[in-house]
Each structure stands twice: as C-alpha cells, then as structure tokens.
Amino acid sequence: PDTTEAPETTEAPEAPFDLSFVIADIDDGGTIPQEFGAGALVEQCEGDNRVPNVTLESVPEGVLQLALVVDDPDAPSAEPFVHWVVYGIAANASEVTDGVDGFTYGITDAGTQSWFGPCPPVGDGPHGYVFTMYALNRELALEPGLDGRQLAAAIADAVVAEATVTATYERTET
C-alpha cells in the first residue's frame, strides 16, 4: 500500500470579494451630467470634460493594487470606445481622478492620457458608460501608456474581483 501523503494545497478563499466604489455626481444606473462631456476637448461636443472623482468604498483584504477602465460599449465601433485608463493604483487609495502622483495613466481611444469625456454621435440615443474597477492580487509594474485592451491582457491573471458603475449619456444637439 502507498503510505505517502498527498502534498498540502491551499485554495482561494470562498468568501466574496467586496469591492465597491462611487462616483461623485454620477449614480450607478443614472445619467452622466453634461459637464463631464468632452466639449472642452472636442469643439462639436457638449460639456467641460470634468474629470470624475471616484471614491473607493471597500477594497477586499489581500488586494495589492487596483486598475480602472471606463468604456462605451455602445460606440459605433468594433470594440467599446475607451474613455479612461488608470492603473498602478495602491489598494489603500481613497480616490481616483486625473493627475494623482503614483497612478499610471493609459491611453484612451481618443489618444489622450487622461479622462476623455462622453461625446456619442448626435441622435445615436443614450450610450452606456461602464466604469470598471479591478482588484489585483499582486503589484504589477506595468509600462505607462497602455490602452484599455493592453491593460486588460496585462492584468487578466491577477484580477480577483471587479466592480462596475454604469451610467448613460446622450447628445441631442450639435
């Protein structure tokens, strides 16, 4: 008979990972106010390109880093249009916005390395904007300037939880 013992293994905890965040002046399921629109960057768009202020409410224990991607899956393109890419966010951060030392900012599909507000085509109906926060189980030293798809590939095997806030924006005027 075999008297060797099987090696001890550990499994990921079964408890749910509680990751949550809120965005000042943007409610989950609500409408994005016009001042967040890309108007300050794109002449035909509305708004002041006001940068969202994301407040972390709960980060799971053991998470070492966070990443945030905002995209518009309703954009008239083959893939969702990426409006904001922020990564290298310390797990103990309380807020995420543009211009924070220590955060790394990626490239949006508009070619900016900062928030690029909503500007869907006029008459295209409301577009959903999905803010997705990713909790990572390790610190990743990623190059600056990744786009949203490159970031997703780079963090895929480190994601232990994600949370989303979705809000709509519609342009009705030129």
Side-chain angles (χ1 to χ4, degrees), residues 19-28 30-60 63-75 77 79-120 127-156 158-169 171:
L19 175 64
S20 62
F21 65 97
V22 294
I23 307 164
D25 301 321
I26 300 174
D27 294 328
D28 190 21
T31 301
I32 297 173
Q34 185 175 349
E35 63 262 23
F36 289 95
L41 300 176
V42 181
E43 189 174 317
Q44 73 269 18
C45 294
E46 309 160 323
D48 301 320
N49 202 53
R50 180 176 157 201
V51 179
N53 188 7
V54 176
T55 301
L56 292 156
E57 291 190 317
S58 176
V59 175
V63 166
L64 298 178
Q65 201 170 63
L66 301 162
L68 173 68
V69 175
V70 180
D71 63 24
D72 171 6
D74 299 320
S77 57
E79 298 192 40
F81 188 94
V82 177
H83 286 264
W84 204 19
V85 182
V86 187
Y87 50 100
I89 304 165
N92 65 353
S94 59
E95 293 182 340
V96 178
T97 193
D98 272 348
V100 177
D101 288 340
F103 293 176
T104 304
Y105 297 90
I107 303 295
T108 68
D109 286 347
T112 65
Q113 224 170 339
S114 59
W115 167 253
F116 184 82
C119 184
H127 282 218
Y129 291 82
V130 183
F131 293 72
T132 305
M133 184 74 66
Y134 299 94
L136 311 178
N137 64 1
R138 61 184 179 275
E139 291 185 16
L140 301 175
L142 301 173
E143 296 285 326
L146 298 178
D147 67 30
R149 287 165 279 288
Q150 292 168 327
L151 178 64
I155 68 173
V159 175
V160 294
E162 59 183 75
T164 61
V165 169
T166 302
T168 61
Y169 188 94
R171 273 182 62 214

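Index from 1, following the sequence.
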What do the steps show when you test Leu66 against Leu56 for side-chain contact (heavy atoms from CB on, under 4.5 Å), and what is the final call?
-> CA-CA 10 Å; Leu66 301 162; Leu56 292 156; 3.6 Å; yes

Nearest atoms (heavy-atom pairs only) where [X] meets [Y]:
| X | Y | result |
| --- | --- | --- |
| Ala167 | Ile32 | CB-CG1, 3.6 Å |
| Pro73 | Gly128 | CD-O, 3.2 Å |
| Arg171 | Gln44 | NH2-O, 3.0 Å |

Could you grab the distance from atom CZ of Phe103 to atom CG of Leu68, nearest 0.5 Å is fine?
->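 Here the rounded value is 9.5 Å.
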
Within residues 98-119 or reaching into it, pairs that qualify as salt bridge (Lys or Arg N to Asp or Glu O under 4.0 Å) - sequence neighbours excluded =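 Residue pairs passing salt bridge (Lys or Arg N to Asp or Glu O under 4.0 Å), neighbours aside: Asp109-Arg149.
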
Side-chain donor or acceptor of Asn49 paired with backbone N/O of Gly39 under 3.5 Å |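 Side chain of Asn49 to backbone of Gly39: no pair is present.
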
Which donor-acceptor pairs under 3.5 Å do side chains of residues 110-120 form with protein atoms, sequence neighbours excluded?
{"unit_1": "Thr112", "atom_1": "OG1", "unit_2": "Thr108", "atom_2": "OG1", "d": "2.8"}
{"unit_1": "Thr112", "atom_1": "OG1", "unit_2": "Ser114", "atom_2": "O", "d": "3.0"}
{"unit_1": "Gln113", "atom_1": "NE2", "unit_2": "Tyr105", "atom_2": "O", "d": "2.8"}
{"unit_1": "Trp115", "atom_1": "NE1", "unit_2": "Phe36", "atom_2": "O", "d": "3.4"}
{"unit_1": "Trp115", "atom_1": "NE1", "unit_2": "Arg50", "atom_2": "O", "d": "3.0"}

Could you point out which residue of Asp71, Asp72, Val165, Ile26 forms a side chain to side chain contact (heavy atoms under 4.5 Å, CB included) with Tyr129?
->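 That would be Asp72; it is the only one of Asp71, Asp72, Val165, Ile26 passing the side chain to side chain contact (heavy atoms under 4.5 Å, CB included) with Tyr129.
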
Identified side chain to side chain contact (heavy atoms under 4.5 Å, CB included) counterpart of Phe21 within the set Val54, Val59, Asp28 =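 Only match with Phe21 under side chain to side chain contact (heavy atoms under 4.5 Å, CB included): Val54.
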
Donor-acceptor pairs under 3.5 angstrom involving side-chain atoms of residues 87-97: please list them, not counting sequence neighbours.
{"unit_1": "Tyr87", "atom_1": "OH", "unit_2": "Glu143", "atom_2": "O", "d": "2.6"}
{"unit_1": "Tyr87", "atom_1": "OH", "unit_2": "Gly145", "atom_2": "N", "d": "3.1"}
{"unit_1": "Tyr87", "atom_1": "OH", "unit_2": "Leu146", "atom_2": "N", "d": "3.0"}
{"unit_1": "Thr97", "atom_1": "OG1", "unit_2": "Pro52", "atom_2": "O", "d": "3.0"}

For residues 130-142, which side-chain N or O atoms pair as donor and acceptor with protein atoms under 3.5 Å away, sequence neighbours left out?
{"unit_1": "Arg138", "atom_1": "NH2", "unit_2": "Asp157", "atom_2": "OD1", "d": "2.9"}
{"unit_1": "Arg138", "atom_1": "NH2", "unit_2": "Asp157", "atom_2": "OD2", "d": "3.1"}

Partners passing ring-ring contact (aromatic ring centres under 6.0 Å, His included) against Phe81 (at least two apart in sequence or in another chain) =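 Expected list: His83.
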
Using side-chain hydrogen bond (donor to acceptor under 3.5 Å, both in side chains) as the criterion, list what pairs up with Ser20, not counting sequence neighbours.
->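 Per chain and number, Ser20 pairs via side-chain hydrogen bond (donor to acceptor under 3.5 Å, both in side chains) with no residue.
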
